[in-house]
Amino acid sequence: MKLDAALQAGEVALVGAGPGAASLLTLAAAKLIGDCDAIVYDALVSADVMTMADKTAEKILAGKRGGRASASQHDICETLVRLAQSGKRIVRLKGGDPFVFGRGGEEVRALAMAGIRFRIIPGITSGIAAPAMAGIPVTDRSVNATLAFLTGHEASEKSRMDWQALARAFPVLVFYMGARNLPEIAKRLLDAGLAKQTPLAIIRNATLANEQTTVATLSEAADGSVTARSPSIVIIGDVVTNRICWKD
Ligand code: SAH
């Protein structure tokens with residue numbers, strides 16, 4: 001299949017918008033965004049990416065962001081199915097990669113069950129792009145042969161994660177949605193045996209004009225002397241020490 005072929009009437013493309021900068025869109029994403037009837041986009045999709053959108057396309061904000069009232073996942077799936085059934089050519093635009101902590105799976109399941117034609121366009125995920133912008137390689141031969149991507153929402157009391165196993169198996173941990181629970185995440189990792197001096201980086205608004213990087217230690221994150229604001233990627237591990245700043 002040609003990923004960048006023109007959309008057919010009633011077809012949905014689930015498209016990764018990348019971390020923010022429009023220049024990081026894939027060619028297929030740019031083409032489909034620029035030629036469709038409706039774009040159903042998440043709050044995390046940047047204004048920069050939205051400037052690439054077809055001027056005449058209907059723009060529907062579907063996203064939800066930690067704590068804010070917004071459409072439920074069920075409503076979003078219903079909207080996609082309804083638009084497709086009305087014969088529109090639809091782009092479902094999601095930040096980063098649609099299948100990385102993006103509920104893309106639930107949406108394509110709903111489309112498949114309704115018999116709607118769809119395609120999936122991967123995007124650059126923020127968990128890799130954000131460290132790169134900060135000059136941090138997510139793998140480094142001298143540090144890690146494994147790499148974990150995690151959601152920070154799992155740090156609450158009802159955590160299903162085995163923190164000791166994580167700390168043992170993964171020298172590098174990349175947290176999505178980790179800003180609010182950062183102290184909790186850091187405390188759990190300290191309890192699991194990681195050293196107080198373990199370095200971490202918080203990268204906010206990666207690839208955008210207001211990008212910001214903060215480097216600290218696990219104990220500083222645990223005691224609240226450094227904090228994070230959403231949207232941020234938090235990367236923990238010795239790769240942070242190998243950081244090479246390549247921007248001002
Ligand atoms: N599907 C997305 C992730 C969605 S979860 C992806 O692949 O990137 C939302 C989380 O993504 C945010 O809480 C934040 O942790 C991260 N994120 C998305 N864009 C970001 C950006 N430009 N800079 C830093 N973190 C970002």
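Read the numbers this way: they start at 1 and go in the same order the structure lists the ligands and their atoms.
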Atom 7 (O) of ligand 1 sits nearest the protein heavy atom Thr125 OG1, 2.6 Å
For atom 21 (C) of ligand 1, the protein heavy atom that lies nearest, with its residue and separation: Ala206 N, 3.5 Å
Should you measure from each heavy atom of Ile203, which atoms of ligand 1 turn up under 4.0 Å away? 24 (C)
Please say which of Asp223, Leu189, Ile185 ends up in a side-chain contact (heavy atoms from CB on, under 4.5 Å) with Leu218. Leu189
Would you check whether Leu44 reaches within less than 4.0 Å of ligand 1, judged by its heavy atoms? yes
Contact between Leu27 and Asp4 at the side-chain level, heavy atoms closer than 4.5 Å - yes or no? no
Can you confirm whether Ile39 sits close enough to Ile90 that some side-chain heavy atom of one is under 4.5 Å from a side-chain heavy atom of the other? no
protein heavy-atom neighbour closest to atom 2 (C) of ligand 1 works out as Gly95 O, 3.1 Å
Check this for me - ligand 1, Phe101, N or O atoms closer than 3.5 angstrom, yes or no? no
When Val49 is tested against each of Leu93, Val15, Leu24 for side-chain contact (heavy atoms from CB on, under 4.5 Å), which residue passes? Leu93
Are side-chain heavy atoms of Ile128 and Phe149 found at a separation under 4.5 Å? yes
For atom 10 (C) of ligand 1, the protein heavy atom that lies nearest, with its residue and separation: Met177 CG, 3.8 Å
Judging by distance only, is a nitrogen or oxygen of Gly102 under 3.5 angstrom from one on ligand 1? no
Within the structure, does Tyr176 bring an N/O atom to less than 3.5 angstrom of an N/O atom in ligand 1? no
Please report the shortest heavy-atom distance between Ala13 and Leu32, naming the atom on each side. CB-CD1, 3.9 Å
Any carboxylate oxygen within less than 4.0 angstrom of a Lys/Arg side-chain nitrogen, looking at Arg204 and Glu211? no
Does an N or O anywhere in Pro19 fall below 3.5 Å from an N or O of ligand 1? yes
Just to be sure I read this right, does ligand 1 sit under 4.0 Å from the backbone of Asn205, its side chain, both, or neither, counting only heavy atoms? backbone
Which residue and non-hydrogen atom of the protein lie closest to atom 3 (C) of ligand 1, and at what distance in Å? Val100 O, 3.5 Å
Any salt bridge between Arg89 and Glu11, counting N to O under 4.0 Å? no
Contact between Val12 and Lys88 at the side-chain level, heavy atoms closer than 4.5 Å - yes or no? no
Protein heavy atom at shortest distance from atom 17 (N) of ligand 1: Ser126 OG, 3.2 Å
Classify the contact between Ser232 and ligand 1 as side chain, backbone, both or neither, using a heavy-atom distance cut-off of under 4.0 Å. backbone
